[in-house]
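Worksheet: the structure to be examined is printed underneath.
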Amino acid sequence: MDAFCRPLKKLVPCIDSAFSLVRSCQFSRDDPEKKPCADVYGESQHHSLTTSTTGMDVVSKVLDDDNLLREIILCVGFPTTLVCASLVCKCWYHHASDRKFLSRFHEGNPSHLLGFYLEDTDDPSVAAHFFPMLPQPAELATVIRSARFSLDPHRSEMSDMMGCRNGNVLISLYDGRDFTVGVHSPLHPERGLAVLPPFPELQIQDGYFCGMNDLLLSKEEGDGLSYIYVLVESTMERTKSMVHIDVLRNGDTVWRRHLDLATDRFLCPRFDPKAVLADDKIYIASAQRDIVVLDLMGSSISTILLPQGVEYGDRDTTLARANNASGVYLIHAKKLELCIWLHKGGNWLLVHNICLREMVAGLKMTGCEDENEATAPLRINHVGDYDEFVFLEMSRCALHLDIKYKKLRKVYDVEEKDRHLGDIHPFMMIWPPTFPTLKNDYGNAI
């Protein structure tokens, strides 16, 4: 009984709301003039029996209605509570873990930002440190407390941090001879550190030089990640280029060549801003105001020009993947203004133009007064997927901007011993959640 009640308790508010709705509908249909006949001694007992029967009817109407039940589970708000709902019985399990339901749930409940890693780019011997984003809802605060975010156990072989992806931390490992990539899972510490196979070796052609050989991208696949490794080589005359793409699918132990793309134009990939993978297309910043698009499915290379008047500068422009396979976002900072474009259908659409002047003034940071704007430049450190949030740098501070609600807050002050902030790597709650395995029994319980 306890095993049933514990997950059910988390759903009580949602279920109560549904019960209230059904009761209101039921009682509105009842005729208030029609009352049961009873003697003075049996009236109370009859009323109690009627109330009990009515309550049972309401429970049945809610829990036996699959459509209404899905609406209830949709309101739980967090993936952790969604797993609790799946523990009630097999019926709830199948609703909660259904692919279409999960897609709908995620649309209304995007992945939560649990915190961020701050990497000291001046001293690679210092492991990146995790900072939780506070406050957090009780459900996610429990997740943070039980996780193991520390990278100190890997400090001796760690060269730098490569980023975070869907509950995983990618770190570059160096054993004195070769570089490899380690995958740390803070939310599942029992998995230990997984190490990817060495990158595929490629012999650079005569008359060519390597323009990019450390681009590693990842995407969700099944219950894990798949990885894409990109190498670009170009002729010494800078007249044409060749792109080689290798893939390591979730569960594979060897890299496999996916594509070799040749182009009669010179590709000049930039390392800042970072490349983005969205809808089987890789977007790579190039030259002064280009974006090179590698289409993995269409086996093609194309180029997008930045919006009019925008050029790559000193950490003032970055890219972010858009949801629903709609394209890519471009975020550009200029003084105290943040412009966000969406590239879709071959055109740039300005979706946000956010003035940060009043927000920054409210934080009262040294050097950020209007007359001192030039001494405290605004830089972009990292952008979340789907244009949800931005980490900014200003006046030796890290700022977090919630784009949807237009809220800016300070999340970190650079220490006096440090020359600058370093790189921020946001860590998101894992999605989809891991559901328990069903037992092969004939009962209704899991």
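For the single chain, residues carry numbers from 1 onward in sequence order.
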Worksheet entry | Pairwise distance OH(Tyr283) to OG(Ser302) - rounded to 0.5 angstrom | 8.0 Å
Discussion item. Check whether Asp98 reaches the backbone of Lys100 with its side chain - one donor and one acceptor, N or O, closer than 3.5 Å.
Written reply: yes
Fill in: Lys/Arg N to Asp/Glu carboxylate O, Glu415 vs Lys417, below 4.0 Å
yes
Worksheet item: Between Thr253 and Pro197, which heavy-atom pair has the shortest distance, and what is it?
Response: O-CG, 3.1 Å
Worksheet item: Is the His332 ring parallel, tilted or perpendicular to the Trp341 ring (thresholds 30°, 60°)?
Response: tilted
Discussion item. For the CD1 atom of Ile144 and the CG atom of Leu114, what is their distance to the nearest 0.5 Å?
Written reply: 5.0 Å
Discussion item. Testing the 3.5 Å rule here: is there a donor-acceptor pair between the side chains of Asn168 and Arg165?
Written reply: no
Worksheet item: Does atom CZ of Arg104 have more than 12 heavy-atom neighbours from other groups under 6.0 Å away?
Response: no
Item to complete: Answer whether the closest heavy-atom distance between the side chains of Leu399 and Leu363 falls below 4.5 Å.
Response: yes
Fill in: 4.5 Å side-chain heavy-atom contact, Leu378 and Glu393
no
Worksheet item: In terms of heavy-atom contacts, does NZ of Lys334 have more than 12 from other residues, nucleotides or ligands at under 6.0 Å?
Response: no
Item to complete: Check whether any side-chain heavy atom of Val243 sits under 4.5 Å from a side-chain heavy atom of Leu231, and report yes or no.
Response: no
Worksheet item: Between Phe78 and His112, does the ring centroid distance fall short of 6.0 Å?
Response: yes
Discussion item. Counting neighbours of CZ on Arg148 that are heavy atoms of other residues, nucleotides or ligands and sit closer than 6.0 Å, is the number greater than 12?
Written reply: no
Discussion item. Is it true that, when you exclude Arg396 itself, more than 12 heavy atoms of the residues, nucleotides or ligands shown sit nearer than 6.0 Å to its CZ?
Written reply: yes
Item to complete: Verify, without hydrogens or angle tests, whether Thr180 (side chain) and Pro198 (backbone) share a donor-acceptor contact under 3.5 angstrom.
Response: no
Worksheet item: Any side-chain heavy atom of Leu187 sitting closer than 4.5 Å to one from Val143?
Response: yes
Worksheet item: What closest approach, in Å, do Phe435 and Val83 show between heavy atoms, and which atom pair accounts for it?
Response: CE2-CA, 4.2 Å
Item to complete: May I ask you to decide if Val126's main-chain N or O and Asp120's side chain share a donor-acceptor pair within less than 3.5 Å?
Response: no
Response to the item:
SG of Cys339 to CD1 of Ile331, rounded to nearest 0.5 Å, is 11.0 Å
Worksheet item: Can you name the nearest heavy-atom pair linking Ala96 to Phe101, along with the distance?
Response: O-CD2, 3.6 Å
Discussion item. Among Lys274, Arg379, Arg315, exactly one meets salt bridge (charged side-chain N to carboxylate O under 4.0 Å, His left out) together with Asp423. Which residue is that?
Written reply: Arg315
Discussion item. If I compare all heavy atoms of Leu259 with all of Arg257, which pair ends up nearest, and what's the gap?
Written reply: O-CD, 3.4 Å
Worksheet item: Heavy-atom distance under 4.5 Å between the side chains of Met297 and Ser299, does that happen here?
Response: no
Practice prompt. Compare all side-chain heavy atoms of Leu319 with those of Ile291 and state whether any distance is below 4.5 angstrom.
Written response: yes
Worksheet item: Can you tell me how far the CG atom of Leu102 sits from the CG atom of Leu82, to the nearest 0.5 Å?
Response: 6.5 Å
Worksheet item: Do Trp255 and Tyr227 pass the side-chain contact (heavy atoms from CB on, under 4.5 Å) test, and can you show the C-alpha distance, the side-chain angles, and the key distance before you say yes or no?
Response: CA-CA 9 Å; Trp255 291 89; Tyr227 300 91; 3.7 Å; yes
Worksheet entry | Expected output: side-chain Trp348 to main-chain Leu305 donor-acceptor under 3.5 Å | yes
Discussion item. side-chain contact (heavy atoms from CB on, under 4.5 Å), that's the test. Do Val181 and Met162 meet it? Break it down for me.
Written reply: CA-CA 9 Å; Val181 176; Met162 305 182 70; 3.7 Å; yes
Worksheet item: Quick one: are Cys91 and Asp66 in side-chain contact, heavy atoms under 4.5 Å?
Response: yes
Discussion item. Does Asn213 form a side-chain contact (heavy atoms from CB on, under 4.5 Å) with Phe199? I'd like the steps, not just the answer.
Written reply: CA-CA 10 Å; Asn213 67 348; Phe199 290 138; over 6 Å; no
Worksheet item: Under the 3.5 angstrom rule, does the side chain of Glu119 hit a backbone N or O of Gly422 as a donor-acceptor pair?
Response: no
Discussion item. Check whether Ser150 reaches the backbone of Asp152 with its side chain - one donor and one acceptor, N or O, closer than 3.5 Å.
Written reply: yes
Practice prompt. Return yes if some donor-acceptor pair links the side-chain N/O of Lys406 with the main-chain N/O of Ile403 below 3.5 Å, else return no.
Written response: yes
Practice prompt. Pick out which of Asp385, Asp279, Asp280 makes a salt bridge (charged side-chain N to carboxylate O under 4.0 Å, His left out) with Lys219.
Written response: Asp280
Worksheet entry | Candidate pair Lys404 and Glu388, rule salt bridge (Lys or Arg N to Asp or Glu O under 4.0 Å), full reasoning | CA-CA 7 Å; Lys404 180 178 180 180; Glu388 294 175 354; over 6 Å; no
Worksheet item: Can you list the steps and then say if Phe116 with Val411 is a side-chain contact (heavy atoms from CB on, under 4.5 Å)?
Response: CA-CA 10 Å; Phe116 62 92; Val411 293; 4.0 Å; yes
Worksheet item: Between CG of Leu408 and CG of Asp402, what distance do you get to the nearest 0.5 Å?
Response: 10.0 Å
Response to the item:
So CZ of Arg70 and SG of Cys75: to nearest 0.5 Å the spacing works out to 13.5 Å
Worksheet item: Taking all atoms of both residues into account, what is the closest heavy-atom pair of Gly167 and Pro186, and its distance?
Response: O-CD, 3.5 Å
Worksheet item: Ignoring hydrogens and geometry, is there a side-chain-to-backbone donor-acceptor pair from His184 to Ile171 under 3.5 Å?
Response: no
Worksheet item: Without hydrogens or angle criteria, can the side chains of His382 and Thr318 be said to hold a donor-acceptor pair below 3.5 Å?
Response: no
Item to complete: With side-chain hydrogen bond (donor to acceptor under 3.5 Å, both in side chains) as the test, would you mind laying out the steps for His95 and Ser86 before giving the verdict?
Response: CA-CA 8 Å; His95 284 309; Ser86 74; over 6 Å; no
Worksheet item: When you measure from the side chain of Asn109 to the backbone N and O of Phe105, does any donor-acceptor pair fall under 3.5 Å?
Response: yes
Worksheet entry | Thr142 side-chain N/O to Ala138 backbone N/O, donor-acceptor pair under 3.5 Å | yes
Fill in: Heavy-atom side-chain contact between Tyr117 and His129 under 4.5 Å
no
Discussion item. Please find the pair of heavy atoms, one from Lys410 and one from Cys397, that lie closest to each other, and give the distance.
Written reply: CD-SG, 3.6 Å
